[in-house]
Structures are given as C-alpha cells and as structure tokens.
K.L.:
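Starting off with a structure, shown below.
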Amino acid sequence: MPGIDECLLEAMRLPGARGAALVDWTSGLALGTVGESPGGDHETTAAEAAELARLAAEHGAFASADDPGGERPPVEDLIVSNRDSYHLLRFVDTSFDSSVFLHLWLARSDGNLALARIRMGEMAQRLVLG
Amino acid sequence: MTVVDTPPPRLPVRHRAVAAERAWGGVSPMLTRLAAEQATGVLVRERGTLYLDEGRVVHAESPLSPGLDALLTANGTLGADAWRDALSRADDQRGAAHLLLAGGHLTKGALQLCHLSAVYDAGYFALAPSSTPGRFRYGIAHRIGPVLPVPVSALERETVRRRGLLHRIWPDTRADSSPLVRTYATAAPRLTARQHALLELVDGTRTAPQLARALGRQAFHTLVDVRRLVAAGLIAPRQVPEREATAPAPALADRLAHTTDPHITLLKRLRDALEAL
C-alpha cells in the first residue's frame, strides 16, 4: 500500500522524470517532494503550479459536462510543455474534502508524455484507494 | 599642547547574517528552542496545540480547525465508530493511525494526505500571534501515533506564507472569526461549486471555522474562500452589536488579540520569548 513518498518515488521511475511533488492547490503547500524542481526550489514551484491548477479547476470552461457542480475535481490533468520539458499535473480524487494534485516534471528528450499520463492517473488513484 | 592621535575604538558592527539568524525567532521562539533541543511533548498555545516528537511536529489540533476525525468522517470516508474504536484501543506501541491502517479502514496514502493537511491546518491557528505565552509539557504523546512528522521550520514557514496569502486576497482579518452575513453585490463574479456550497450555509450566526466544520473542509481552505467572497462583496463580517461595541476595554483587548499589525505581533513575540526564558 503506497504512502505519499512511495507514490512520488514511483513517479520518479518514469522515463525522463526530473522531479515530482504532491501539492495542495488551495494553499500552494507541497505535501511531499522528490527529485529536482525547476529553479531548484520545490516550495516556489508548488505555489506556482498551484495557481495554474486552481485556475483550471475553478473555471467552468474546463469542467467535464457530466458532473458540473460535483464534489470530484472537474479536471483530470493539465499538461504544460516548453522547449526542454513537460509538466504534468494530475488531480487526485479523494473521498474526503481536499484539493491536491500530483505534479511530475519530465525532461522532454527522454520523457514519454502518453505513458506518464496513464501512469500518473493510476498512481493518483492508488494513493487514496490503495 | 599634546595632540591625541589615537584613533577612536572601532564601533561594534553587527554582522548581518548572524543578526538575521538571531532575530528570526520563527513565529514562536519557544517552538524554535524546543525543535533545537529535539523535545518530545505537547506545546499548548492560545489557539491550538502542537505535539512534538524529537523536535518534529507529529500532530496538531486547534478549536478553530476541524480535526482529522472531522475531516475523515464528514463525507463518510471513515465511520465515527471506527475512529472512536481505534482511539480507545491505541497504546504506546501502536497508535490510532496504525490501527486504522491495520484494520483496513483507510489506505496509507489517504491517511497521510488527510493527516498532513490537518496538521498544517491546525498549525496555522496554533501559531497565530497569541496574547498569552505557550506552555510545554514534556513526554506527552497523542494517541494517533506517528504518521508523517513535519519539521518545525516547515510548519512555521508555511504558516507565515499562509498569512501572506490571505492578506493578499483581502487584508481585513475580521472575516476570519466574526459571524458572517450575506451581502448582495451588483456585479458578483461567477462562483465555483465550492464557494456556492459555502455561501449556502452563511446565515448570520456561523463563523468561518464553524462553516469549515459543517462542510468537513479544512479551516484554512474555508478562510481562503471566505476572504475571496468578502472581497467580491458577497459576504461580510457581521457588525458587532451596539452594547458590545461601546464597552471599550474588551473591545481593545479583543482587537489586540486578533491583530496582525507587524509591530504589535513583534512586541507580543518579544514578550512571549522573554517569558519563556
């Protein structure tokens, strides 16, 4: 049964993974971090990623149609790409009230975005459901 | 006439790095000292309690934030019976957290996630500026047992960051503790589902911490939404009734107790530190 650290270490085993974190998007707090982070500061990265996640989660345009006012996170994941890396933010659906996502930073040269997206979805589920 | 040409003694110079190190007593100098001596026990402060194990925060509680049990039972993640049962069977070797995991009531990830959230949430209130010094009792542990310990410095940094976050949304702190009433703005922004649910419960008597408990949400998350709704003009802290407002002494003490004025909080920290010596 994975805890937060085991889950993040598993994310780091994905090809091209440079860093991973579990972040609360209301407060911007990093609940767990492993590996590197852009700029070298996990706390700043978490706060900035949380801003992005909050915007996506709160704007109706990005919500799925089947659960408009629901308790579940309206967005599954967010992908940001730049010239040398990918950022994948996967929202975690918990049965208790929370606002967290998994953040994976992938090197573009050897990262596989499709694989990472599938694995992060599985990890987000296993983290809370076992 | 003799001329004195001995140069005057050099004035003492404060090294900036050293001075900054000394001046940063954190949000609670007593807590910083306890972390440095790797103390185990419980720190009782005005608005909350921190449990330390070898200088690290292992649990936190505050009357202003819903506890781990409230967060877990509000949406049926955990039955109230399962929680009570685990707490009553917990002993020194196996804490309630261990028993909940062993009994298959929760997964490790869910427990760690919820517990960490609850610790930072209660810690935010426990480390709020206080008007009385904290008390520390050595050797006391919480029945929850070890989950994920948090370094004192991380909790302090996060608390200071959270204060700044709320201040940037809306600087008036009255909405954090006063009963809230609905107001009607002409150009209200579109609300999120979470804000709608919160707004539905605003009834002129409940305060933000009470709303958090009713919704089973973290108190800080609720404060963020409350300040955003106040900023949008949709809710407001209820005006204090006339007779309370005219009693000058409690009003002043109350104002000072809830102030975030940096000068006053500095003086309070200074006083706390002197009393803790």
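Numbered from 1 within each chain, the chains take letters A, B, ... in sequence-line order. Just so it is clear, the structure is predicted and the values come from calculations on it, not from any experiment.
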K.L.:
Quick one: pull up NE2 in A:His59 and OG1 in B:Thr192 and give me the separation to the nearest 0.5 Å.
P.N.:
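With rounding to 0.5 Å, NE2 (A:His59) is 10.0 Å from OG1 (B:Thr192).
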
K.L.:
Please determine whether a side-chain nitrogen of the Lys or Arg among B:Lys108 and A:Glu6 lies less than 4.0 Å from a carboxylate oxygen of the Asp or Glu.
P.N.:
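Between A:Glu6 and B:Lys108 there is a salt bridge, with a charged N closer than 4.0 Å to a carboxylate O.
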
K.L.:
Please classify the contact between B:Gln112 and chain A as side chain, backbone, both or neither, with a heavy-atom cut-off of under 4.5 Å.
P.N.:
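For B:Gln112, backbone and side chain are both near chain A.
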
K.L.:
Distance from A:Phe96 atom CZ to B:Leu78 atom CG, nearest 0.5 Å?
P.N.:
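So the CZ of A:Phe96 and the CG of B:Leu78 are separated by 11.0 Å.
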
K.L.:
Which one, B:Ala154, B:Gly216, B:Cys114, B:Ser117, leads in non-hydrogen pairs under 4.5 Å with chain A?
P.N.:
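Among the listed options, the one with the most contacts to chain A is B:Cys114.
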
K.L.:
I'd like to know if the side chain of B:Arg161 reaches the main chain of A:Ala47, judged simply by a donor and an acceptor atom lying under 3.5 Å from each other, with no hydrogens or angles considered.
P.N.:
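Judged by distance alone, no pair lies under 3.5 Å.
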
K.L.:
Counting heavy-atom pairs closer than 4.5 Å to chain B, which one of A:Gly28, A:Gly60, A:Ala30 comes out on top?
P.N.:
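Counting heavy-atom pairs under 4.5 Å, the top option is A:Gly28.
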
K.L.:
Can you find a pair of side-chain heavy atoms, one from B:Gln218 and one from A:Ser99, that are under 4.5 Å apart?
P.N.:
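Side chain of B:Gln218 against side chain of A:Ser99, heavy atoms only: no contact under 4.5 Å found.
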
K.L.:
Given that the side chain runs from C-beta out, which part of B:Leu148 has a heavy atom under 4.5 Å from chain A: side chain, backbone, both or neither?
P.N.:
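The side chain, not the backbone.
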
K.L.:
Working to the nearest 0.5 angstrom, can you tell me the gap between B:Asp225 CG and A:Thr26 OG1?
P.N.:
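One gets 7.5 Å once the value is rounded to the nearest 0.5 Å.
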
K.L.:
Atom CG in A:Leu31, atom OH in B:Tyr120: separation rounded to 0.5 Å?
P.N.:
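Reported to 0.5 Å precision, the distance equals 7.0 Å.
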
K.L.:
Tell me, side chain or backbone of A:Leu22 under 4.5 Å from chain B's heavy atoms, or both, or neither?
P.N.:
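The side chain, not the backbone.
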
K.L.:
What I want to find out is whether A:Glu58 reaches B:Arg228 closely enough, with some N-O distance under 4.0 Å, to be called a salt bridge.
P.N.:
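A salt bridge is present here (some side-chain N lies under 4.0 Å from a carboxylate O).
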
K.L.:
Rounded to the nearest 0.5 Å, how far does CG of A:Asp24 lie from CG of B:Asp121?
P.N.:
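Reported to 0.5 Å precision, the distance equals 9.5 Å.
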
K.L.:
Could you check which of A:Leu29, A:Val128, A:Ile4, A:Leu127 has the highest count of heavy-atom pairs closer than 4.5 Å to chain B?
P.N.:
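Among A:Leu29, A:Val128, A:Ile4, A:Leu127, the one with the most close pairs to chain B is A:Leu29.
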
K.L.:
Just by distance, with hydrogens left out, do A:Asp97 and B:His221 show a side-chain donor and acceptor under 3.5 Å apart?
P.N.:
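Absent: no donor and acceptor within the cut-off.
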
K.L.:
Side chain from CB out, backbone as N, CA, C, O: work out which of these in B:Leu113 comes under 4.5 Å of a heavy atom of chain A, or both, or neither.
P.N.:
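Looking at B:Leu113, backbone and side chain both touch chain A.
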
K.L.:
From B:Arg157 CZ over to A:Glu43 CD, what is the distance, rounded to the nearest 0.5 angstrom?
P.N.:
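Result: 4.0 Å between the selected atoms.
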
K.L.:
Heavy atoms only: give me the nearest B:Arg194-A:Ser98 pair and the separation to one decimal.
P.N.:
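Answer, listing the atom of B:Arg194 first, then A:Ser98: NH1-O, 4.4 Å.
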
